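Okay, so here's the structure we're looking at.
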Amino acid sequence: MFGTLRGKLKAWITAGAGTIAAILVAGLLGAFGALPKPEIQHFAPDATIETGQWLIKPLRLHVGEERVYGLPVKPDEKAVILEVELTNRTAESTKDYFTAIQLAAPFADTTESPLIVLTRDQTMSPELQPGLPERMAYIWTLPKDRSLPASLSFTVNTQIYKARDNLYGTPGWYNQHPAGTVSLPLQAKGGGA
Amino acid sequence: MIRRVSNVVLLVVAVALCYGMQTSTPHYARLTGLIPVRGGIGETIEARSFSLKVAKIGFAHTLKLNAFGKEKVLTTGGLWAIVTAELAARDASTSVWGGIWQGPAGLRYRTSERLGVAPGAPPFSLEPGLPRKVRFVFEIPADQAANATLLVASARFSALDSEAQIKLGTVETGADGLPAGVIETFDLDQPI
């Protein structure tokens, strides 16, 4: 009698192993997901921020109208211009800086992706060379009547390097995620540009 | 007992074997990468679809060029490196997208995009029997000037095609760390 019971138990455990494993994994994932998330880092406005591919040094933030860095701004719009010094830390020329800096709340969802200009000669988004710092201007446009606070926050994103990615097996930068935020005071109109 | 132990040993051996095979095989990107054709300055290098002969290298602090009737002066935080070369298609019309200046430590500088669509800027279209002189223009820091390699392929992203690799050799440097022959302004409009 005990022999058959033992056999039955064994059969139950064997058949249920997958289910038990699935329940355990789901439980563990749920437990880890419920843990408090680490607080997002705030960078000082004069800090040099290190992301995977870039060294980003915010220089100044100002507002422009009509024409900024050779680009026309529509009459009913104004441009928010963030000037940064970008240094390519990778081993290759790259222009993977379009999403490196994004406007944070409360402007995060209201704007399109920025235009990026090399301030040296107003070239639109050129590739930057390894180890050569360049001053770049990120230009967002907002409706002219939208009021701006005294300082704006930006999300700085970073990516991780994979020697072989899962799809093509080639090296590259993937998995973009925020490295932190930085707040800069908005400078008065009429400076530069 | 012995059977169990032997099973565990077998499993460990299998895992080690799989791991060894995974790590010892060449990178996929390398297996399907470009096939090098090596040479030096002044040699004619025969790639699959084009031939290339590097004539000379020059360095400058600024570039001057005429783009759509407007004079443009391009400054840089580093140096402009200008490689003059002769390109020809071999047996069919083809094109060369540009090139890569590979520094002594392997940093890869692609031909500058700051020239825009100025005449003479890459990509270079080539016809068989009509060799063409071109300039590859790079923006590099001064410490990347010596012992560099010029890499030229037909397409920017391609696999299993040939790539001309030209050793550019040593460059005399002055006391300020800049190449000895560096000039102030290079005029890209002058005939090659």
Side-chain angles (χ1 to χ4, degrees), chain A residues 10 14 17 48 52-57 59 67 69-71 83-98 115-137 160-174 192, chain B residues 22-23 25-34 61-65 67 70-81 97-118 121-122 136-145 148 151 156-159:
Chain A
K10 230 176 182 174
T14 314
T48 301
Q53 289 155 289
W54 303 102
L55 287 178
I56 301 174
K57 189 176 181 191
L59 298 171
R67 194 162 269 275
Y69 295 109
L71 297 171
E83 285 175 30
V84 295
E85 190 187 82
L86 283 184
T87 311
N88 182 354
R89 298 180 66 204
T90 68
E92 218 172 6
S93 311
T94 174
K95 58 168 84 178
D96 195 3
Y97 48 60
F98 291 93
L115 293 173
I116 302 162
V117 176
L118 178 74
T119 61
R120 193 188 281 280
D121 56 8
Q122 308 186 342
T123 310
M124 286 280 288
S125 43
E127 280 187 337
L128 296 187
Q129 313 297 340
L132 276 182
E134 290 286 0
R135 195 182 175 115
M136 306 290 281
I160 56 162
Y161 181 77
K162 284 190 184 180
R164 41 184 101 193
D165 85 292
N166 305 347
L167 189 56
Y168 296 110
T170 49
W173 292 85
Y174 305 95
Chain B
Q22 191 204 23
T23 51
T25 44
H27 203 292
Y28 179 73
R30 197 191 168 96
L31 278 176
T32 59
L34 293 161
H61 290 294
T62 56
L63 285 182
K64 204 174 80 173
L65 70 147
K70 258 196 216 166
E71 185 159 284
K72 238 164 109 176
V73 174
L74 300 178
T75 58
T76 172
L79 280 178
W80 292 104
W97 72 272
I100 296 171
W101 180 283
Q102 192 176 52
L107 299 182
R108 292 155 75 90
Y109 295 84
R110 283 199 273 267
T111 40
S112 178
E113 293 187 335
R114 288 174 56 199
L115 266 58
V117 288
F136 294 94
V137 178
F138 304 94
E139 196 181 358
I140 56 164
D143 60 355
Q144 302 291 321
L151 313 177
R156 190 169 155 157
F157 302 105
S158 59

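None of these values were measured; they are calculated from a predicted model. Just so it is clear: chains get the letters A, B, ... in the order the sequence lines come, proteins before strands, and each one is counted from 1.
- By the 4.5 Å heavy-atom criterion applied to side chains, Ile140(B) and Gln129(A) are not counted as neighbours.
- Between Arg156(B) and Glu127(A), at least one side-chain N (NZ, or NE/NH1/NH2) sits under 4.0 Å from a carboxylate O, which counts as a salt bridge.
- Between the side chain of His27(B) and the main chain of Ala163(A), a donor-acceptor pair closer than 3.5 Å is present.
- Heavy-atom minimum distance, Tyr28(B) versus Tyr168(A): CD2-O, 3.1 Å.
- Using modelled atom types, one side-chain atom of Ser93(A) and one backbone atom of Arg110(B) make a donor-acceptor pair closer than 3.5 Å.
- Between Pro130(A) and Pro141(B), the closest heavy-atom pair is O-CG, 3.9 Å.
- Here Glu113(B) is the residue among Glu113(B), Gln144(B), Arg30(B) with the most heavy-atom pairs under 4.5 Å with chain A.
- One finds no salt bridge joining Asp121(A) and Lys72(B) here, because no Lys/Arg side-chain nitrogen approaches an Asp/Glu carboxylate oxygen to under 4.0 Å.
- For a residue to count as touching a neighbouring chain, one of its non-hydrogen atoms must lie under 4.5 Å from one of that chain's; by this rule Thr123(A) touches chain B with the side chain only.
- Tyr109(B) contributes atom OH, which lies 11.5 Å from atom CG of Leu128(A) (distance to the nearest 0.5 angstrom).
- Counting non-hydrogen atoms of other residues, nucleotides and ligands closer than 6.0 Å to OH of Tyr174(A) gives a total above 12.
- Thr76(B) contributes atom OG1, which lies 5.5 Å from atom CZ of Arg120(A) (distance to the nearest 0.5 angstrom).
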Could you walk me through whether Glu139(B) and Leu132(A) pass side chain to side chain contact (heavy atoms under 4.5 Å, CB included), step by step?
-> CA-CA 9 Å; Glu139(B) 196 181 358; Leu132(A) 276 182; 3.9 Å; yes
